[in-house]
A.B. asks: 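Quick one: structure below, then a few questions.
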Amino acid sequence: MATGAFHRESAIIEPFQVCRHRAHAMPSRREHLRLLAALLMIPLFLSLLNADATLPEEGFGDEFESEFSAAAPAEDFDPLSGYNRVMTVCNDVVYIHLFFPVARGYEAVIPEEGRKAVQRFFANLHTPVRVVNNVLQLKFRNAAEELGRFTVNTTLGIGGLFDPAYTWLNLSSHPEDFGQTLGYYGVGSGFHIVLPLLGPSNLRDTVGLVSDSYIDFGLNYYEDRGINLLDTLDHTYALESLEYLNKSSLTYAQYESLKKDALDLYPFLKQIYEQSRSKAIEE
Amino acid sequence: MTRILPFLLSLMLALCGTTLLNAAQTDAERLHDVVSTKVAAITEILNDATLEKAVKNDRIMAIAEEMIDFEIMAKLSLGKDGWAQLDEAQQHEFITLYVEHIKSSYLEKLYLYNGEEIRITPAAQTKPNRIEISSFIRTDEGEMEILYKFYRNRAGAWFIYDINLAGVSIIQTNRVQFAEFLSSATAADLLEKLRQEEHL
């Protein structure tokens with residue numbers, strides 16, 4: 001056995017010894033062979049790599065663990081957690097016992113197509129926010145598409161109730177807000193804040209929300225701003241309430257369904273919010 | 001010999017490379033077809049007004065189970081550390097309870113589908129044993145992405161181990177929840193909570 005092994009070994013070594021003799025004469029060929037020997041290892045290495053990747057991992061392969069721990073939020077700075085928890089419960093109670101029953105009533109009266117048309121109408125009114133934020137993120141093509149949608153949907157789509165821009169011209173909406181713009185330029189999310197009635201947010205997005213409402217001249221009334229589509233602040237409140245009610249009628253089922261997946265509502269909604277915002281900023 | 005060697009080596013490399021590439025390509029393409037067919041089959045069942053909900057559920061689950069590894073989803077949701085806190089009997093019970101939970105949650109989300117247009121993009125092989133396929137559901141506010149993440153199991157079959165809904169990973173969300181829960185409660189409390197939820 002041992003001699004056999006020895007013979008095989010010497011057989012492998014021999015060609016290299018031969019080239020070592022020649023190497024004095026032609027150093028370039030020696031280098032060449034070394035390179036080849038290294039190359040010879042590549043397929044072997046590749047096959048090992050491939051074999052490793054298919055190792056059993058029905059349990060907790062380190063690959064799975066590292067995948068999820070890498071994506072996990074780092075040190076969680078949550079100075080408002082006490083307030084946030086209370087506000088999450090308050091919001092939940094108001095949604096479940098006040099808003100959703102009203103939304104159900106509204107749902108019973110207005111057919112779904114009508115409610116979707118109302119949602120499109122409001123989305124069309126918010127166009128300035130999307131245009132400005134697309135421009136701020138240098139997404140000029142998307143901004144132009146938004147302007148095109150606004151022109152077509154306001155006219156042919158009867159004030160935005162319908163969406164001929166998409167159905168006829170394949171112009172899509174590109175939602176961007178100031179929170180996303182800040183994120184785009186590297187501003188971190190800051191700590192989490194649960195807003196009354198509006199739900200999960202964070203420091204960056206709350207700043208974004210305020211800034212956006214100033215740009216949103218179609219719906220928000222600001223006395224000191226030059227352009228206002230509405231005449232008074234009361235109109236803003238009335239329209240925003242309608243928008244909120246209409247939106248709730250289309251989304252309350254999602255909230256109720258999501259809620260069932262929660263062991264603890266606050267960290268659950270917080271996770272969902274932060275992950276989806278990261279994704280929206282990434283795009 | 002030295003003249004033939006480079007030729008042989010490059011041939012070997014080329015063969016090695018192309019087999020790897022080919023295998024990857026066919027797997028990804030095949031999975032794309034599987035997902036497209038199954039999504040179409042599931043939406044057809046959902047849209048069928050003549051079927052009772054129980055029948056719909058059974059048929060949808062039969063299709064989904066061929067594609068989704070609910071058990072690995074339950075395990076990964078709890079995470080390695082959480083899993084280690086459970087004894088064998090508890091682990092067993094956890095899997096049973098949580099697989100049921102994921103299944104009913106999955107079905108419930110499906111019923112939120114309302115005939116929207118669905119677009120499935122080509123699969124991307126991110127690693128030799130990972131493939132990702134995105135589908136986009138058209139809503140009035142743009143498109144919502146549903147990302148299916150596949151892994152290749154010991155037997156060489158591809159199964160979904162996580163689904164991202166608009167960037168929200170089901171597994172990641174569950175992991176954070178479970179970790180937070182277990183930081184202030186015991187494994188027995190967790191199982192009790194899951195048992196209660198099942199009866200809701």
Side-chain angles (χ1 to χ4, degrees), chain A residues 15 18-19 29 32-33 36 39-40 42-43 46-47 49-50 53-65 67-69 71-73 76 112 116 119-120 123 163 166 172-175 250 253-254 257-258 260-264 267-268 270-273 275-280 282-283, chain B residues 1-2 5-6 9-10 12-13 15-17 20 23 69 71-72 75-76 79-80 83 101-102 104-105 108-109 111-112 114 127-130 138 140-143 145 151-154 156 161-162 164-181 190 193-194 197 200:
Chain A
V18 171
C19 50
R29 183 163 289 181
H32 192 103
L33 273 168
L36 283 179
L39 279 176
L40 187 68
I42 292 178
L46 265 180
S47 61
L49 200 73
N50 206 26
T54 51
L55 278 179
E57 47 188 358
E58 272 79 348
F60 290 104
D62 283 336
E63 218 175 336
F64 271 133
E65 275 306 297
E67 180 179 334
F68 288 109
S69 46
D76 191 16
E112 191 180 349
K116 282 191 167 170
Q119 197 183 22
R120 285 192 289 264
D163 191 0
Y166 176 72
S172 300
S173 181
H174 301 279
L250 291 162
Q254 290 173 19
S257 165
L258 262 182
K260 288 183 190 163
D261 293 336
L263 273 181
D264 186 358
F268 177 73
K270 177 180 157 189
Q271 262 297 306
I272 291 179
Y273 181 77
Q275 281 188 47
S276 68
R277 288 296 286 178
S278 305
K279 168 83 175 171
E282 221 176 82
E283 285 173 345
Chain B
M1 178 62 195
T2 45
L5 207 58
L9 283 175
S10 23
M12 246 178 96
L13 269 179
L15 278 175
C16 200
L20 272 179
D69 188 341
E71 271 195 30
I72 200 94
K75 269 188 183 176
L76 292 174
K80 204 175 184 175
W83 186 253
H101 177 90
I102 301 177
S104 62
S105 154
E108 206 174 295
K109 304 280 175 301
Y111 284 108
L112 294 174
N114 207 359
K127 281 184 194 178
N129 59 345
R130 293 282 191 279
R138 163 110 209 129
D140 276 328
E141 288 153 340
E143 283 188 317
E145 185 185 11
Y151 83 106
R152 191 168 56 195
N153 71 8
R154 218 180 300 186
Y161 68 96
D162 191 12
N164 283 18
L165 301 155
V168 181
S169 152
I170 293 180
I171 303 295
Q172 195 66 47
T173 309
N174 288 343
R175 282 168 78 95
V176 173
Q177 282 206 90
F178 280 132
E180 191 146 331
F181 188 90
L190 176 67
K193 177 121 187 157
L194 291 177
E197 274 183 12
L200 285 181

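A quick note: this is a predicted structure, and the numbers were derived from the prediction, not measured. Lettering of chains follows the sequences in order, A, B, ..., and the numbering in each one begins at 1.
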A.B. asks: Closest heavy-atom contact between B/R175 and A/E65?
C.D. replies: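 Shortest heavy-atom contact: NH2-OE1, 3.2 Å.
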
A.B. asks: Tell me, for A/E282 versus chain B, whether the close heavy atoms (under 4.5 Å) come from the side chain, the backbone, both or neither.
C.D. replies: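 A/E282 has no heavy atom closer than 4.5 Å to chain B.
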
A.B. asks: Considering only heavy atoms from C-beta outward, does the side chain of A/F64 approach that of B/K75 to under 4.5 Å?
C.D. replies: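 Counting from C-beta outward, A/F64 and B/K75 never come under 4.5 Å.
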
A.B. asks: Is A/Q254 in contact with chain B via its backbone, its side chain, both, or neither, using a 4.5 Å heavy-atom distance?
C.D. replies: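 Contact with chain B involves both backbone and side-chain atoms of A/Q254.
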
A.B. asks: Would you say B/E108 and A/S257 are linked by a side-chain donor-acceptor pair, where the criterion is simply a distance under 3.5 Å?
C.D. replies: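 Side-chain D/A pair, A/S257 to B/E108: present.
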
A.B. asks: Quick one: what part of A/D261 sits under 4.5 Å from any heavy atom of chain B, side chain, backbone, both or neither?
C.D. replies: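 Interface part for A/D261: both.
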
A.B. asks: State whether a side-chain donor-acceptor pair under 3.5 Å links B/Y151 with A/E67.
C.D. replies: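 No, A/E67 and B/Y151 have no side-chain donor paired with an acceptor closer than 3.5 Å.
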
A.B. asks: Quick check against the 3.5 Å criterion: does B/K193 have a side-chain atom that pairs as donor or acceptor with the backbone of A/L263?
C.D. replies: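 Answer holds: yes.
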
A.B. asks: Checking B/E71 against chain A: side chain, backbone, both or neither under 4.5 Å from a heavy atom?
C.D. replies: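 For B/E71, neither part sits under 4.5 Å from chain A.
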
A.B. asks: Would you say the side-chain atoms of B/T173 and A/Q275 include a donor-acceptor pair closer than 3.5 Å?
C.D. replies: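 A pair is found: one side chain offers a donor N or O, the other an acceptor, under 3.5 Å apart.
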
A.B. asks: Can you name the closest pair of heavy atoms from A/D264 and B/Q177 and give their distance?
C.D. replies: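 Minimum heavy-atom separation between A/D264 and B/Q177: N-OE1, 3.4 Å.
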
A.B. asks: By a 4.5 Å heavy-atom criterion (distance strictly below it), what part of A/Y166 contacts chain B: side chain, backbone, both, or neither?
C.D. replies: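 Side chain of A/Y166 only, per the 4.5 Å heavy-atom cut-off to chain B.
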
A.B. asks: Which atoms of B/Y161 are under 4.5 Å from chain A, going by heavy atoms: the side chain, the backbone, both sets, or neither?
C.D. replies: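 The side chain, not the backbone.
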
A.B. asks: Side chains of A/E112 and B/N114, heavy atoms from C-beta outward: is any pair under 4.5 Å?
C.D. replies: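 Yes, side chains in contact.
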
A.B. asks: Using non-hydrogen atoms and a 4.5 Å limit, figure out which bit of A/A253 sits close to chain B: side chain, backbone, both or neither.
C.D. replies: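 The answer is both parts of A/A253.
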
A.B. asks: Please flag which part of B/N164 lies under 4.5 Å from any non-hydrogen atom of chain A: side chain, backbone, both or neither.
C.D. replies: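 Contact with chain A is absent: no heavy atom of B/N164 under 4.5 Å.
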
A.B. asks: With a 4.5 angstrom heavy-atom cut-off, could you sort out which part of B/L190 is near chain A: side chain, backbone, both or neither?
C.D. replies: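 Contact with chain A involves the side chain of B/L190 alone.
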
A.B. asks: Below 4.5 Å from any heavy atom of chain A, which atoms of B/S169 appear? Answer side chain, backbone, both or neither.
C.D. replies: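 Contact with chain A is through both the backbone and side chain of B/S169.
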
A.B. asks: Select, from A/H174, A/K279, A/K116, A/E283, the one with the greatest count of heavy-atom pairs under 4.5 Å involving chain B.
C.D. replies: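 Of A/H174, A/K279, A/K116, A/E283, A/K279 has the most heavy-atom pairs under 4.5 Å with chain B.
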
A.B. asks: Between B/E145, B/E143, B/R138, which shows the greatest number of heavy-atom pairs under 4.5 Å with chain A?
C.D. replies: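 Answer, by heavy-atom pair count under 4.5 Å with chain A: B/R138.
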
A.B. asks: Using non-hydrogen atoms and a 4.5 Å limit, figure out which bit of A/A280 sits close to chain B: side chain, backbone, both or neither.
C.D. replies: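 Neither part.
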
A.B. asks: Would you say the side-chain atoms of B/E180 pair up with the backbone N or O of A/P267, donor to acceptor, closer than 3.5 Å?
C.D. replies: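 No, B/E180 side chain to A/P267 backbone: no donor-acceptor pair under 3.5 Å.
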
A.B. asks: Would you check if B/S105 and A/K260 make a side-chain contact, meaning some heavy-atom pair closer than 4.5 Å?
C.D. replies: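 Result no, sub-4.5 Å side-chain heavy-atom pair not found.
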
